[in-house]
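Just so it is clear, the model here is predicted, and its values are computed rather than measured. Protein chains get the first letters and strands the later ones, always in sequence-line order, with residue 1 at the start of each.
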Number of protein chains: 2
Amino acid sequence: MSQQRHGSTSGNGDRAGAVPAFPDLPEATIARLPEYLRALHNLGEGGADTISSEGLAAAAGVNSAKLRKDLSHLGSYGTRGVGYDVALLIEQIEYVLGLDQRRAVGLVGVGNLGHALAGYDGFASRGFKIVALFDADPAKVGERIHGLVVRHIDELPAVAAEETLAIGVIATPAGAAQAVADELVAAGVTSILNFAPCVLSVPANVDVRKVDLAIELQILSFHEHRKASLTALPGGRSATGAGNQEAVGS
Amino acid sequence: MSQQRHGSTSGNGDRAGAVPAFPDLPEATIARLPEYLRALHNLGEGGADTISSEGLAAAAGVNSAKLRKDLSHLGSYGTRGVGYDVALLIEQIEYVLGLDQRRAVGLVGVGNLGHALAGYDGFASRGFKIVALFDADPAKVGERIHGLVVRHIDELPAVAAEETLAIGVIATPAGAAQAVADELVAAGVTSILNFAPCVLSVPANVDVRKVDLAIELQILSFHEHRKASLTALPGGRSATGAGNQEAVGS
DNA sequence: CGCGATTTGTGCACGCCTTCACAAGCGCCT
DNA sequence: AGGCGCTTGTGAAGGCGTGCACAAATCGCG
Ligand SMILES: NC(=O)c1ccc[n+]([C@@H]2O[C@H](COP(=O)([O-])OP(=O)(O)OC[C@H]3O[C@@H](n4cnc5c(N)ncnc54)[C@H](O)[C@@H]3O)[C@@H](O)[C@H]2O)c1
Ligand SMILES: NC(=O)c1ccc[n+]([C@@H]2O[C@H](COP(=O)([O-])OP(=O)(O)OC[C@H]3O[C@@H](n4cnc5c(N)ncnc54)[C@H](O)[C@@H]3O)[C@@H](O)[C@H]2O)c1
């Protein structure tokens with residue numbers, strides 16, 4: 001880690017304008033950082049000043065060696081014999097994840113799922129703010145949800161022009177998803193979270209993450225199936241092997 | 001594949017009672033099977049009888065070599081020079097995923113998100129049926145949602161006794177999630193889909209998958225951050241590297 | 001001031017997954 | 001009947017991620 005960036009004054013504020021161009025963190029690591037962050041916040045509220053890798057690993061549900069290696073990738077902020085400074089580590093991870101600036105989210109498709117998302121306070125507390133809601137249904141446009149007015153999808157370019165949307169969320173039916181994605185991309189959005197069960201085609205510089213509940217259920221179904229086929233087999237070993245806590249991140 | 005199980009009569013029904021105890025498919029493969037399945041259904045509705053690995057791979061958003069290797073793991077159902085028989089492959093994958101029997105899902109926590117899930121028809125069309133809704137709030141108990149009456153969480157054991165729940169879905173606040181998970185496990189549920197942002201502790205024979213939207217957003221945020229720090233750097237290569245379609249599966 | 005207890009950071013080996021590249025197999029056309 | 005083009009299935013190589021095990025570092029105490 002060439003750039004040490006150690007928060008000398010403990011508080012924030014010394015973050016230089018020019019971002020240091022990241023060492024390429026392993027994808028697997030960055031997928032776990034949010035989990036560490038959540039665990040740290042819990043621990044912090046619990047009054048802990050420092051936490052050992054063992055403790056944090058347990059709270060995040062991972063192996064302690066993995067956790068240490070992950071953290072080592074973003075430059076070492078632990079103290080041997082003591083552990084990690086909770087506040088400092090929170091600050092570090094938030095910085096790496098780009099959460100020091102609150103990211104603006106635009107949500108397209110205010111149906112069943114969209115409604116739930118729009119009203120979810122878990123976004124605000126984790127660094128995001130839904131700043132705009134869009135739908136194509138005239139009956140929905142104008143509706144007020146949690147302080148936001150639903151706007152017509154055609155207004156997307158205008159809205160994006162006045163407030164940069166960091167992330168676009170697609171909660172429309174699958175048939176409309178690709179068109180919506182195209183419009184988001186045209187409006188300058190380079191990160192998309194897609195709830196529609198379909199593959200999106202986007203330019204190479206745009207990141208798409210997909211959440212498909214049916215897929216999750218089907219994976220569970222497979223394991224059910226497998227477990228069922230094992231019930232009448234040799235030693236019913238329960239220890240060795242599969243059975244556990246798979247996070248959704250890639 | 002020792003057991004060929006070739007659907008001779010094309011329809012279903014010849015599935016012998018004793019399941020053949022699976023070759024251990026790579027975890028990565030089973031996480032992609034649902035995606036292939038969805039793509040196949042789309043193609044089938046489009047009127048295709050057969051599909052090449054190239055075509056199916058494109059529809060599912062993966063590399064064609066990867067797709068072939070995945071499918072080869074479950075015994076080859078393709079024809080060289082022609083491709084895969086769409087109907088047969090659908091049947092195959094559904095069998096492997098255990099979707100030939102419709103799985104009963106119990107949903108706990110009928111709040112914002114729970115409501116949306118309860119009303120989602122995408123489950124039914126993909127092999128699942130929500131058979132019970134639970135909540136702890138007396139104000140919610142008794143409410144009728146999409147033909148199902150919300151029952152009190154205390155009734156879970158009774159309900160589970162009369163209808164086996166294959167999968168439990170947790171959509172309660174994080175604070176209640178562990179308790180709910182314990183109750184599900186006690187009721188005999190061995191697969192859990194968890195929407196609450198917390199780590200669940202369960203016995204080794206229970207599978208847990210987690211969906212955390214904030215984590216997805218934070219991962220996107222990281223890439224935004226990284227991209228932003230790269231704008232003013234050497235050759236703005238857009239081809240090489242990250243930027244794309246990461247599925248939610250492990 | 002030195003020693004032991006504790007905990008981080010990491011070298012290393014192993015296994016999984018991805019990807020390339022190609023031989024083997026299949027159907028169609030002549 | 002034979003050849004040609006197309007597509008599958010897979011061997012092999014390389015890369016990535018995980019987890020062990022341990023040296024280095026720090027703190028607290030006698
Ligand atoms: N409801 C769930 O629990 C759930 C779960 C998993 C996945 N999903 C997926 O999420 C998506 C939304 O689900 P839902 O249940 O909210 O569906 P929905 O039909 O209730 O809502 C879809 C909304 O999108 C709007 N819309 C349609 N085309 C549009 C367009 N071109 N531009 C803007 N808005 C448009 C519709 O007007 C509607 O309000 C679907 O793809 C569904 O498969 C939903
Ligand atoms: N709403 C969203 O879009 C969204 C998005 C991502 C994650 N989540 C997560 O999903 C969970 C639910 O979110 P929500 O917005 O629906 O919250 P909510 O408060 O609207 O609903 C929670 C429901 O759970 C019920 N409940 C509480 N304790 C219970 C118990 N012990 N047993 C049974 N039921 C109990 C409550 O009565 C309530 O009806 C939360 O953990 C949230 O973080 C929600």
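A salt bridge between B/R226 and A/D24 is absent, with no side-chain N of the basic residue lying under 4.0 Å from a carboxylate O of the acidic one. With respect to A/R38 and A/E35, a salt bridge is recorded, a charged nitrogen being found less than 4.0 Å from a carboxylate O.
Side-chain atoms of A/T79 lie closest to D/dT26 of the nucleotides D/dT26, C/dT10, D/dT10. Side-chain proximity of B/N63 to C/dT10, C/dT19, D/dT10: nearest is C/dT19. Across C/dT10, D/dT10, C/dT8, the shortest atom-to-atom separation from the side chain of B/K69 is found for D/dT10. Proximity note for B/S52 (side chain, C-beta onward) versus C/dC22, C/dT8, D/dT7: the nearest is D/dT7. Side-chain proximity of A/V82 to D/dC27, C/dA21, C/dG27: nearest is D/dC27.
Residues that satisfy the side-chain contact (heavy atoms from CB on, under 4.5 Å) test with B/V189, not counting sequence neighbours, are B/L165, B/L184, B/I192.
Distance B/I30 CD1 to C/dC17 P: 10 Å, rounded to the nearest Å. Whole-Å rounding puts the A/E54 CD to C/dA5 C1' distance at 15 Å. Distance, A/L33 CG to D/dG17 C1': 15 Å, rounded to whole Å. B/Y77 has its OH atom 19 Å from the C1' atom of D/dT7, to the nearest Å. Regarding A/H73, its NE2 atom lies at a distance of 10 Å from the P atom of C/dG11, rounded to whole Å. Between the P atom of D/dT7 and the CG atom of B/D85 lies a distance of 16 Å, rounded to the nearest Å. Summarising the geometry, the separation between CG on B/L67 and P on C/dT19 is reported as 12 Å, rounded to the nearest angstrom. Between the CZ atom of A/R68 and the P atom of D/dA24 there is a distance of 16 Å, rounded to whole Å.
Between A/S53 and the phosphate of C/dT8, there is a side-chain N or O to OP1/OP2 separation shorter than 4.0 Å. Under 4.0 angstrom from either OP1 or OP2 of D/dT18 there lies at least one side-chain N or O belonging to A/R32.
Side-chain contact, B/S201 with B/Q178: no donor N or O sits under 3.5 Å from an acceptor N or O.
In this structure a side-chain-to-backbone donor-acceptor pair under 3.5 Å is present from A/S221 to B/L97.
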Could you go through nucleotides 28-30 of chain D and list every protein N or O atom that sits under 3.5 Å from one of its N or O atoms, giving the distance for each pair?
none

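Between B/A171 and B/L113, the shortest heavy-atom distance links the atoms CB-CD2, 4.5 Å.
Applying side chain to side chain contact (heavy atoms under 4.5 Å, CB included) to B/P197 and the options B/V211, B/I215, B/D212 leaves one that passes, B/D212.
At a cut-off of 3.5 angstrom, counting only N and O atoms as typed in the model, there is a donor on one side and an acceptor on the other between the side-chain of B/R80 and the base of D/dT8. In terms of polar N and O atoms assigned as donor or acceptor, the side chain of A/K66 never comes within less than 3.5 Å of the base of D/dG17 in a complementary pairing.
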